[in-house]
Every structure is written in C-alpha cells, then in structure tokens.
Amino acid sequence: QVQLVESGGGLVQPGDSLRLSCAASGRTISRCNMAWFRQAPGKERVFVASITSWPGTDTSYEDSVKARFTISRDNAKNTLYLQMNSLEPEDTAVYYCAATSGPKATMTLSVSREYDYWGQGTQVTVSS
C-alpha cells in the first residue's frame, strides 16, 4: 500500500511561483508512473502533468500549463514535485498527486482512473 501526501500549496499573486511536493510512503515509487491532477470549484478533476517510472522519466503536460509547469521526481527521497511558474487565476484548484501500482507501460497517462493511489490534495489559490 502506498500513501501520498501533498504539500506546498498556498495563496499567491498572479505571476508568482509555487513548488508542490508529494511525499510517498509504504513502498518505493521509483517504478510507478505518477501524475498531478487538479480540481477547480464546481468543476471536474482534470489532468495537469505526468512522469513515467524509472529508468525512464518522460513527461507530458496539459496544454495550458506547458512552458509554465515542470513535473519531476526524486526517487532517493521518494517524492514527486510540481514546479509552477507564472501562475494565473485560472490555476486556482485543489492539486492532487496520483501514482500507479507499477510501471503500467500501456496506460493512458492523462486518465485519472488509470491511477491506483491518490493524496488528499493541496489548495492553490491565485488571487487577482
């Protein structure tokens, strides 16, 4: 069983930056595909970014966050990160960390139901 805990959210101004962290425990996540999703008030949960498992670290992003967000992982620390730059009010949401139970090389990385483990979420609010 894998437990995921997000942190790093907060209230920021447009144009500011935040770095979200997702700390995993229970087992190593080095061979798990991982992703960030977000859910704005009154809207559905949507894909933000993903990163594939060790030894590969291929990344993908939702179009609106490309060139602004960077997903990365530190397998030695068993932690996933999301660096968010040039934040906009439209980025306001609860951000969730997700992980698979294994490599799952044939999965669709942007589909939430493909992931087996989820964190509780961390709130990001970008004021106007």
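Keep in mind that what you see is a predicted model, and the values were worked out from it rather than measured. Heavy-atom basis, side chains included; hydrogens, waters and symmetry copies ignored. All residue numbers refer to positions in the sequence shown, counting from 1.
- Minimum heavy-atom separation, M34 to C97: CE-SG, 3.9 Å.
- Here the straight-line distance linking atom CZ of R45 with atom CZ of F37 works out to 7.0 Å at 0.5 Å rounding.
- Between N33 and M107 there is a side-chain heavy-atom pair separated by less than 4.5 Å.
- If you run side-chain contact (heavy atoms from CB on, under 4.5 Å) between V124 and each of T92, L82, L18, only L18 comes through.
- For R68, the CZ atom sits in a packed shell: over 12 heavy atoms of surrounding residues, nucleotides or ligands are nearer than 6.0 Å.
- Between the side chain of D74 and the main chain of T79, no donor-acceptor pair closer than 3.5 Å is present.
- Using a 4.5 Å cut-off on side-chain heavy atoms (C-beta onward), V65 and R38 make contact.
- Between V46 and E62 there is no side-chain heavy-atom pair separated by less than 4.5 Å.
- Separating the CG atom in D116 from the CD atom in Q1 is a distance of 9.5 Å, to the nearest 0.5 Å.
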Worked verdict on W36 versus F69 for side chain to side chain contact (heavy atoms under 4.5 Å, CB included): CA-CA 11 Å; W36 291 96; F69 291 10; over 6 Å; no
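- Sorted by first and then second residue, the side-chain hydrogen bond (donor to acceptor under 3.5 Å, both in side chains) pairs involving residues 6-16 (not counting sequence neighbours) are Q13-S127.
- In this structure, OG in S128 is found 13.0 Å from CD in E88, a value given to the nearest 0.5 Å.
- Counting heavy atoms from C-beta on, the side chains of I71 and L80 come closer than 4.5 Å.
- Side-chain N or O atoms of T108 include none that pairs as donor or acceptor with a backbone N or O of S110 at under 3.5 Å.
- With rounding to the nearest 0.5 Å, the separation of CZ in R19 from CE in M84 is 11.5 Å.
- In terms of modelled atom types and a separation under 3.5 Å, the side chain of T70 and the main chain of Q83 share no donor-acceptor contact.
- Remark: R27 engages no residue in a salt bridge (Lys or Arg N to Asp or Glu O under 4.0 Å) (not counting sequence neighbours).
- Side-chain contact of S17 with N85: a donor-acceptor pair under 3.5 Å is present, judged by distance alone.
- How far CZ of R73 is from OG of S30: 7.0 Å, rounded to the nearest 0.5 Å.
- Looking at F47 and V111, their side chains never come closer than 4.5 Å, going by heavy atoms from C-beta outward.
- The line from CD1 of I51 to OG of S60 is 9.5 Å long, rounded to the nearest 0.5 Å.
- Other residues, nucleotides and ligands contribute more than 12 heavy atoms inside 6.0 Å of the CD atom of Q3.
- When the side chains of ILVMFWY residues are joined at heavy-atom separations under 4.5 Å, either directly or via intervening members, V2 and L109 end up in two distinct hydrophobic clusters.
- Residues Y61 and K66 approach most closely at O-CE, 3.3 Å, considering heavy atoms.
- I29 and L20 end up in the same hydrophobic cluster when Ile, Leu, Val, Met, Phe, Trp and Tyr side chains are linked at under 4.5 Å.
- Annotation: side chain of S50 is in contact with side chain of Y115 (closest heavy-atom distance under 4.5 Å).
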